[in-house]
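Below you'll find the structure, written out as structure tokens, and then a few comments.
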Amino acid sequence: MAILNKYMQLNGLKKYFRALTVVLSALILTGCGFGNAAPGDDGFTKEIFAMDTYMSLTAYGDMAEEAVRKAADKINELDRMLSTGNEKSEVSVLNSEGVSRFSEDVMNILEKSLEISHMTDGAFNPAIYPVMELWGFTSGSYRVPSEEDIKSSLANINIDGIGVSGSEVTAADGMKLDFGGIAKGYASSAIMEIFSRCGVTSGIVSLGGNVQVLGTKPDGSLWRTAVRHPENDGYIGVVNVKDKAVITSGGYERFFEKNGTRYHHIIDPSTGAPARSGLLSVSIVSADGALADGLSTALFIMGEDRAVSFWRKHSGLFDFIIMTDDGRILATEGIEDAFESEHDYEIVR
Ligand code: ADP
Ligand code: MG
């Protein structure tokens, strides 16, 4: 448990420990790196802080170390290009100048974001940033804005105001983009590609609790990825997977409280306020990390009924596990055999 000891000495913030718990539990549940793998078979792991969160990257086999180092470089590069906190990032330049040149990855993320936005009837909206700013989520100076202010910020989130010509991207006056709802999923998929290109066939990454796995565990068994319970330190359950991302959105991740009401960081673009859809958490299981991330945000906003009909329409693309605010757990048919839980749950068909 060397990793645990190292972290304990750092005596970090609550959020830090929460993120760490998820990373560690993913590791413990997968059984990697904690003794039961044969010597030389316990993989190479690197922990980094990027995209505002703690990340753990693990690969197995001869090329593990090189693959993990390349993956870490990629994450840092993506972070530099995407960060709204870095005024030189490609996204920040667009937000301040109204025009920017996007490199291939950022363009991919933009295109994927627009695709998910269309698919979800606008529940996912990469132009939601002005509303995030209004509520203080971007600065930490939280406030509950007036209806009037919400209305005027909603005038700036129409994605039709985004123009693409070659690598040049433009945004209408007042628009600002933010890929926080998809970046980690895009990044974990990009890591899987790097691992594969390096010849790695087995690996697992956790980017702030969002997990993606390559292949199976080195012993050929499935990876056991835990889904955190939104209301306590336990778990909703475990999904046994290979070659999949398991990505969760929940109102418990980032929020503030005012007069006894909790306001979280997932904004419903149809109201300009934190989504109140009756869901506590949405986990998406998919081979496509960016899609999983975007949909976790979108389905959280949609709520149970819309999420279920959306899945029925796109069931080949993903599965979900959702928890409602009356404590029910729903999992879709595609992961019926993969999902395990000590709680009661219903299968959506
Ligand atoms: P987390 O950031 O905890 O991983 P999510 O994947 O749900 O959780 O992403 C939430 C982030 O997505 C917010 O911090 C914000 O940057 C962005 N966001 C908020 N509302 C939306 C929305 N309706 N569409 C797209 N992105 C959003
Ligand atoms: Mg998301």
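Numbering of ligands and ligand atoms starts at 1, following listing order. FYI, the numbering just counts along the sequence from 1.
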For [atom], the protein heavy atom that lies nearest, with its residue and separation:
| atom | result |
| --- | --- |
| atom 7 (O) of ligand 1 | S249 OG, 2.6 Å |
| atom 23 (N) of ligand 1 | I267 O, 2.8 Å |
| atom 16 (O) of ligand 1 | D178 OD2, 2.6 Å |
| atom 27 (C) of ligand 1 | I128 CG2, 3.7 Å |
| atom 6 (O) of ligand 1 | D293 OD1, 3.0 Å |
| atom 14 (O) of ligand 1 | R254 NH2, 3.0 Å |
| atom 3 (O) of ligand 1 | H265 NE2, 3.2 Å |

Atom indices of ligand 1, in the order listed, that fall short of 4.0 Å to a heavy atom of [X]:
| X | answer |
| --- | --- |
| I301 | 23 (N) |
| P269 | 23 (N) |
| K184 | 1 (P), 2 (O), 4 (O) |

Is G181 close enough that one of its N/O/S atoms sits under 2.8 Å from the Mg ion (ligand 2)? yes

Quick check: does T297 have an N/O/S atom under 2.8 Å of the Mg ion (ligand 2)? yes

Would you say the rings of Y142 and F255 are close, in the sense that their centroids are separated by under 6.0 Å? no

Does the ring center of Y345 lie less than 6.0 Å from the ring center of F339? yes

Of the non-hydrogen atoms in S117 and N125, which two are nearest, and what is the gap between them? OG-CA, 4.1 Å

Can you name the nearest heavy-atom pair linking Y252 to R262, along with the distance? CA-NH1, 4.2 Å

Criterion side chain to side chain donor-acceptor pair (under 3.5 Å) against Y186, the qualifying member of D293, N108, D288: N108

Under 30°, 30 to 60°, or over 60°: which ring-plane class applies to F179 and F102, parallel, tilted or perpendicular? perpendicular

Within the 3.5 Å criterion, strictly below it, is a donor on D105 or S103 matched to an acceptor on the partner's side chain? no

Would you say the side chains of S270 and D268 form a donor-acceptor pair under 3.5 Å? yes

Should [X] be counted as touching ligand 1, given the test is an N or O pair under 3.5 Å?
| X | value |
| --- | --- |
| A123 | yes |
| N125 | yes |
| G181 | yes |

Ring pair (Phe, Tyr, Trp, His ring centres under 6.0 Å), paired with H314, selected from W311, F310, F318: F310

Exactly one candidate in V211, L57, V241 meets side-chain contact (heavy atoms from CB on, under 4.5 Å) with I204; the answer is V211

Would you say G208 contacts ligand 1, with heavy atoms under 4.0 Å as the rule? no

